[in-house]
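Contents: one structure, followed by commentary.
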Amino acid sequence: MSTFSTLRRLGCAAGLLLGMTTAQAQDHGSHHAPAAAASSPAPAAAADPALTEGVITRVDARSGKLTIRHGAITHLDMPPMTMVFGLQDAQQAAQFKPGDPVRFRVEDQAGTLVITRIQPAS
């Protein structure tokens, strides 16, 4: 089994556990309305479907890695979760800080998930 497959399975299990814990602690109905309202000013056609939305929770500029709480990464069949990703261009890490909303593209490169494109979310 590849490292990516193992991480994917662990991530799915962690996402399910986190989802169950969150569902028990919060009313999710209140989360959907503000998110939809926040994204409504931007036209739907302007969103690039190849990019995933997320929020940076940690920056490790020295190693060129970002921890991102992200939505589903559909092309990798990955559910929403929080993960650490390396940047293809490690110097980009210095451009971001925790709390920054971003849109990014991540690719599986020989079993390692690497951000190949990232931009601030508008």
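Quantities reported herein were computed from a predicted structural model and do not represent experimental measurements.
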Open item on the list: Distance check, rounded to the nearest 0.5 Å: Glu53 atom CD versus Arg103 atom CZ?
Closed with: 5.0 Å
Open item on the list: Once rounded to the nearest 0.5 Å, what's the spacing between atom CG of Asp100 and atom CD1 of Ile68?
Closed with: 10.5 Å
Open item on the list: Do Val102 and Pro120 make a side-chain contact, defined as non-hydrogen atoms from C-beta onward lying under 4.5 Å apart?
Closed with: no
- [ ] Check whether any side-chain heavy atom of Thr116 sits under 4.5 Å from a side-chain heavy atom of Gln109, and report yes or no.
- [x] yes
TODO: Quick one: pull up OG1 in Thr52 and CE in Met78 and give me the separation to the nearest 0.5 Å.
DONE: 9.5 Å
Task: Of Leu51, Ile115, Ile56, Leu66, the residue whose pairing with Phe104 passes side chain to side chain contact (heavy atoms under 4.5 Å, CB included) - done: Ile115
Open item on the list: Please list all pairs meeting side-chain hydrogen bond (donor to acceptor under 3.5 Å, both in side chains) that have one or both residues in residues 57-68, counting only residues at least two apart or in different chains.
Closed with: Asp60-Ser63
Can you give the donor-acceptor pairs under 3.5 Å from side chains of residues 83-95 to other protein atoms, not counting sequence neighbours?
from	atom 1	to	atom 2	distance (Å)
Asp89	OD1	Gln91	N	3.3

